[in-house]
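Throughout, a chain's letter reflects where its sequence line sits, starting with A, and its residues are numbered from 1. It should be emphasised that the depicted structure is a prediction, and the values quoted were computed from it without experimental measurement.
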Amino acid sequence: MSGEDEPEVIRDRRKKLERLRAAGIDPYSRGFKPTHSTAEARALVGDSERTEPVSLAGRLMVKRLLGGSAFADLQDQAGRIQLMASRDILGESTFDLFAELDPGDLIGVTGPIFRTRRGEVTLEIGSFQLLTKSLRPLPEKWHGLKDVEIRYRQRYVDLIANPQVRDVFRSRTKIIGSLRSLLDGRGFLEVETPVLQEVPGGGHARPFVTHHEALDRDLYLRIALELHLKRLLVGGFERVYEIGRVFRNEGLSPRHNPEFTMLETYEAYADYTEVMRLVEDMVVASTAAAGRTSMITYQGEEVDLTPPFRRERMADLVVEHTGRQAVGKELNDLFEEFVEPKLRQPTFVTDYPIEISPLARRRDDDPRFVERFELIILGREYANAFTELTDPIDQRQRFEAQAAQRAAGDVEAHPMDEDFLRAVEYGLPPCGGLGVGIDRLIMLLTDQPSIRDVILFPVMKAES
RNA sequence: GCCGGCGUAGCUCAGCUUGGUUAGAGCAGCGGUCUUUUAAACCGAGGGUCGCAGGUUCGAAUCCUGUCGCCGGCACCA
């Protein structure tokens, strides 16, 4: 877009840009080095004294012109601080230059910090430099940017206009960091496994297909991390994990983005009961990392995240809520429809039907079920784990059963993976595996209603 | 994919039910007044393909149909 098509406000700024260039001012200059952040500068000033001059850089947010003086807010990564410009200090022409700056411009300023009569911490501008001229007007200063379509499509504007959005993403990083730190401290090795795969396994989902030109072969984007991580246990690593993006070719919703972040861990010589304790520890660590206590509120509903979490067999829960005895897929269907939405407080649901769990170990006492659990909070799934199936003969039969469903038209049934079977035939140690949907955990801990609020650039349809 | 809601100035919103001069306000921008303001204030002049395309009508932001996008629900997603 350019020229005649542009809104007047943008045309005006282009003209202003040309005037600056004509006056010998570089509107995209460099070389300015801030000495402090706004927060650091704020901390320098005491009750009434003036500080030595400091240099700050950031985005000009609001201007208030009062004749021979001018006030403005400067926003940087750390926050905001008020600026004051005075004609007496800057001189006529420099003051006018400052007065002509637009909200949105990136500038560097140098001067002492003091408090105004009303106590506002303020930098008195001794000199300033235009660093980057902004050509587009910012959202309104009072109401901010509310249009969710613009917020998601133009996240950069959202981050400028809604500083609390930055806090969500800072929390996201802290939460992931806390999980990494917990696992590292327990001797887990963080690894990276292929995103492009020949066989998209480890989950039940429709994959994205892509094509490698040089190999002239279709490849799939991974839907899970599981099968490669278990190969690494075969190889001798005893505790591994990966935090990575997985891709599922499914519909979108406030809880589903086509690409999302999964944490998977595998621990040799552990079973699913030990994984439950690991999950509890992860919840505690990540809650603290998010700066919250164990009693949290999500969208107005209170949740107590204090371990130990309730543990219930799926079949018992279904009897409790429906009065019905069931097994297999029917049991799972009843659970999902009548029980899961009612599980509000953290609950480990255990012992899933074998038909829907092709990678999990059978229960020794009842081969219709596997040693598996999911962590349900507020009716949503946050973790999925099992004692892994290590018997290669059984594993092949499970894959064959899935292949039969696939042949019957279920595009999401687990595909046969001969290389994985070969690995298991070499010997997979007894182990417990875990998958955690990181985005949903972050939604919970930052009280965000949509997965799009915790993913910086969520998938959107083409802008028209 | 299905159902419902929404789409008006750069941003936040009125106006639509019940069709009727030239589509409004605040903020932002522009021109003024103003040297401690902070949603600064005051005066003035601008800024619009009412998502898009058809239709009904003397006349459409308003009613109808289609379409695009966003939001929510369902389906899908163990």
Side-chain angles (χ1 to χ4, degrees), chain A residues 5-16 61-73 80-90 95 99-104 114-122 124 134-154 157 160-161 202-206 223-224 248-258 260 314 328-329 331-333 335-336 340 349 352-360 370 372 374 380-381 384 386 402 405 410-414 435 437 449-450 452 458 460-464:
Chain A
D5 297 341
E6 284 182 343
E8 183 189 40
V9 279
I10 295 179
R11 281 203 306 273
D12 285 348
R13 290 208 183 184
R14 286 191 191 279
K15 289 176 195 162
K16 196 178 272 189
M61 297 304 289
V62 188
K63 278 194 320 180
R64 297 178 288 279
L65 302 181
L66 294 92
S69 70
F71 294 85
D73 291 347
R80 283 193 188 192
I81 195 167
Q82 177 169 268
L83 308 178
M84 189 190 81
S86 153
R87 180 170 285 152
D88 294 344
I89 293 172
L90 293 175
F95 179 81
E100 282 175 17
L101 292 173
D102 287 305
F114 73 108
R115 282 180 190 273
T116 63
R117 284 175 205 160
R118 300 198 184 178
E120 182 76 24
V121 175
T122 302
E124 179 188 87
S134 171
L135 294 179
R136 291 178 178 270
L138 290 178
E140 207 245 347
K141 63 184 177 186
W142 185 244
H143 297 93
L145 179 66
K146 290 185 174 174
D147 185 323
V148 293
E149 186 170 355
I150 300 177
R151 287 190 49 223
Y152 296 151
R153 285 192 194 280
Q154 303 181 47
V157 182
I160 293 169
H204 191 90
R206 177 190 287 253
I223 60 169
R248 297 188 176 182
N249 207 339
E250 294 158 358
L252 287 71
S253 87
R255 294 162 296 283
H256 300 83
N257 195 64
F260 60 100
M314 177 186 281
K329 267 202 159 78
L331 173 65
N332 190 60
D333 290 346
F335 169 75
E336 288 186 356
E340 196 169 36
V349 178
Y352 278 62
I354 192 166
E355 291 84 351
I356 60 165
S357 311
L359 299 164
V370 295
R372 171 179 174 183
E374 290 191 1
R380 297 180 185 175
E381 172 194 336
N384 179 23
F386 25 93
Q402 291 287 315
Q405 289 180 32
D410 181 357
V411 296
E412 288 162 358
H414 201 291
S450 171
R452 295 177 164 208
M460 304 287 280
K461 289 190 191 175
E463 201 173 353
S464 56

Once rounded to the nearest 0.5 Å, what's the spacing between atom [atom1] of [X] and atom [atom2] of [Y]?
X         : Y         : atom1 : atom2 : answer
Ile223(A) : Arg206(A) : CD1   : CZ    : 12.0 Å
Ile356(A) : Leu331(A) : CD1   : CG    : 8.0 Å
Arg380(A) : Arg255(A) : CZ    : CZ    : 5.0 Å
Met314(A) : Glu340(A) : CE    : CD    : 8.0 Å

Could you tell me whether [X] contacts a base, only the sugar-phosphate backbone, or nothing, with contacts defined as non-hydrogen atoms closer than 4.0 Å?
X         : answer
Tyr152(A) : sugar-phosphate
Arg248(A) : sugar-phosphate
Pro254(A) : sugar-phosphate
Arg151(A) : nothing
Glu412(A) : sugar-phosphate
Pro358(A) : base
Gly203(A) : base
Glu381(A) : nothing

Whole-Å distance separating the [atom1] atom of [X] from the [atom2] atom of [N]:
X         : N      : atom1 : atom2 : result
Gln154(A) : G10(B) : CD    : P     : 13 Å
Asp147(A) : G5(B)  : CG    : P     : 20 Å
Ile160(A) : G10(B) : CD1   : P     : 18 Å
Glu149(A) : C6(B)  : CD    : P     : 16 Å
Leu83(A)  : U37(B) : CG    : C1'   : 13 Å
Glu6(A)   : G48(B) : CD    : P     : 14 Å

Taking a pair as Watson-Crick or G-U wobble with both distances under 3.5 Å, which nucleotide is matched to [N]?
N      : result
A23(B) : none
U35(B) : none
C77(B) : none
U62(B) : none
C70(B) : G5(B)

Any [X] side-chain nitrogen or oxygen under 4.0 Å from OP1 or OP2 of [N]:
X         : N      : answer
Arg11(A)  : C30(B) : no
Arg153(A) : C70(B) : yes
Lys15(A)  : C30(B) : no

Closest to the side chain of Pro103(A), out of G29(B), U36(B), C76(B), is G29(B)
Testing G29(B), C76(B), U35(B) for proximity to the side chain of Ser69(A), the answer is U35(B)
C1' gap between C16(B) and A40(B), integer Å: 36 Å
Review point. Using the P atom in both, what is the distance from G51(B) to U17(B), to the nearest Å?
Key: 15 Å
Per-nt protein contacts along nucleotides 38-46 of chain B (heavy atom under 4.0 Å; B base, S backbone sugar-phosphate only, - none) come out as BBB-----B
Paired with Arg452(A), the side chain to side chain contact (heavy atoms under 4.5 Å, CB included) test is passed by just one of Pro254(A), Pro458(A), Ser253(A), namely Pro458(A)
Per salt bridge (Lys or Arg N to Asp or Glu O under 4.0 Å), Glu6(A) is matched among Arg14(A), Arg136(A), Arg11(A) by Arg14(A)
Trace of the side chain to side chain contact (heavy atoms under 4.5 Å, CB included) decision for Arg248(A) with His256(A): CA-CA 9 Å; Arg248(A) 297 188 176 182; His256(A) 300 83; over 6 Å; no
Throw together a table of side-chain donor-acceptor distances under 3.5 angstrom for residues 81-90 of chain A, partners on residues two or more places apart or in other chains.
| residue | atom | partner | partner atom | Å |
| --- | --- | --- | --- | --- |
| Gln82(A) | OE1 | Arg64(A) | NH2 | 2.7 |
| Gln82(A) | NE2 | Thr122(A) | OG1 | 3.0 |
| Ser86(A) | OG | Asp88(A) | N | 3.2 |

With sequence neighbours left out, the residues meeting side chain to side chain contact (heavy atoms under 4.5 Å, CB included) with Pro258(A) are Phe208(A), Leu252(A), Val459(A)
